[in-house]
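As structure tokens, the structure follows; a few thoughts come after it.
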Amino acid sequence: MTIAEALSARVKELLEINQITAYRLFKLSGVPSSSIGDIIHMRNKTVNIKLIYEIAQGFGMDLQKFFDSPLFTDGNIID
């Protein structure tokens, strides 16, 4: 799994867990909805850590909790 795939999967997972839409995440985080869509649909192969921080804040968590997922383990990331 690439980092872009892992980020996409994590955001989708958190949207489902929190039962919110990408639009609601935009309202909570201040991250443009187009940027959230780019992450979800893997249109961007690189993402600024500040953007991930703001998304994590929108979910009410810090970066440590955002990345605390098996999706981001060494053996799972190939790039």
Side-chain angles (χ1 to χ4, degrees):
M1 174 178 289
T2 65
I3 292 173
E5 290 169 332
L7 282 172
S8 172
R10 182 63 169 156
V11 170
K12 289 178 195 176
E13 174 184 60
L14 291 169
L15 287 171
E16 186 175 323
I17 289 169
N18 290 285
Q19 298 181 335
I20 62 172
T21 63
Y23 179 78
R24 182 72 180 138
L25 179 59
F26 146 67
K27 296 299 260 180
L28 293 170
S29 67
V31 173
S33 56
S34 61
S35 296
I36 293 169
D38 288 345
I39 292 169
I40 291 171
H41 299 292
M42 295 174 283
R43 289 188 286 252
N44 232 347
K45 299 303 177 196
T46 60
V47 178
N48 185 315
I49 193 71
K50 185 175 188 285
L51 197 67
I52 297 169
Y53 172 78
E54 291 169 348
I55 288 171
Q57 293 290 297
F59 285 120
M61 61 178 57
D62 59 21
L63 282 173
Q64 182 177 356
K65 186 164 182 166
F66 180 87
F67 285 112
D68 185 19
S69 166
L71 294 167
F72 298 106
T73 59
D74 288 341
N76 199 34
I77 300 294
I78 59 169
D79 66 342

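Residue indices begin at 1 and follow the sequence shown.
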Identify whether Ile55 and Leu63 are in the same connected component of the hydrophobic contact network (ILVMFWY, side-chain heavy atoms under 4.5 Å). yes

Do Phe59 and Lys65 have side-chain heavy atoms sitting under 4.5 Å apart? no

Picking from Asp38, Ile3, Ile39, what satisfies side-chain contact (heavy atoms from CB on, under 4.5 Å) with Val47? Ile39

Which heavy-atom pair separates Phe66 from Ala56 by the least distance, and what is that distance? CB-CB, 4.0 Å

Quick one: do Ile78 and Leu7 end up in the same hydrophobic cluster if we chain Ile, Leu, Val, Met, Phe, Trp and Tyr together by side-chain heavy atoms under 4.5 Å apart? no

Would you check if Tyr53 and Val31 make a side-chain contact, meaning some heavy-atom pair closer than 4.5 Å? no

So CG of Leu71 and CD1 of Ile77: to nearest 0.5 Å the spacing works out to 7.5 Å

Give me the atom names and distance for the closest heavy-atom approach of Ser29 to Gly58. CB-CA, 3.9 Å

Residues Arg10 and Asp68: closest non-hydrogen pair is NH2-O, 3.9 Å

Could you give the distance from OG (Ser34) to NE2 (His41), rounded to the nearest 0.5 Å? 11.5 Å

Looking only at heavy atoms, which two atoms of Thr73 and Pro70 are closest? And how far apart? OG1-O, 3.1 Å

Report, one line per pair, each donor and acceptor closer than 3.5 Å where one atom sits in a side chain of residues 14-25; sequence neighbours left out.
{"residue": "Asn18", "atom": "ND2", "partner": "Leu14", "partner atom": "O", "Å": "2.8"}
{"residue": "Thr21", "atom": "OG1", "partner": "Tyr23", "partner atom": "N", "Å": "3.4"}
{"residue": "Thr21", "atom": "OG1", "partner": "Arg24", "partner atom": "N", "Å": "3.0"}

State, to 0.1 Å, how close Ala6 and Phe72 come at their nearest heavy-atom pair, and which atoms those are. CB-CE2, 3.6 Å

Look up atom CD1 in Ile36 and atom CG in Leu51, then write down how far apart they are to the nearest 0.5 Å. 8.0 Å

Apply side chain to side chain contact (heavy atoms under 4.5 Å, CB included) to the pair Asp62 and Phe67, showing each step before the final yes or no. CA-CA 9 Å; Asp62 59 21; Phe67 285 112; over 6 Å; no

Nearest heavy atoms of Thr2 and Glu5, plus distance in Å: N-OE1, 2.7 Å

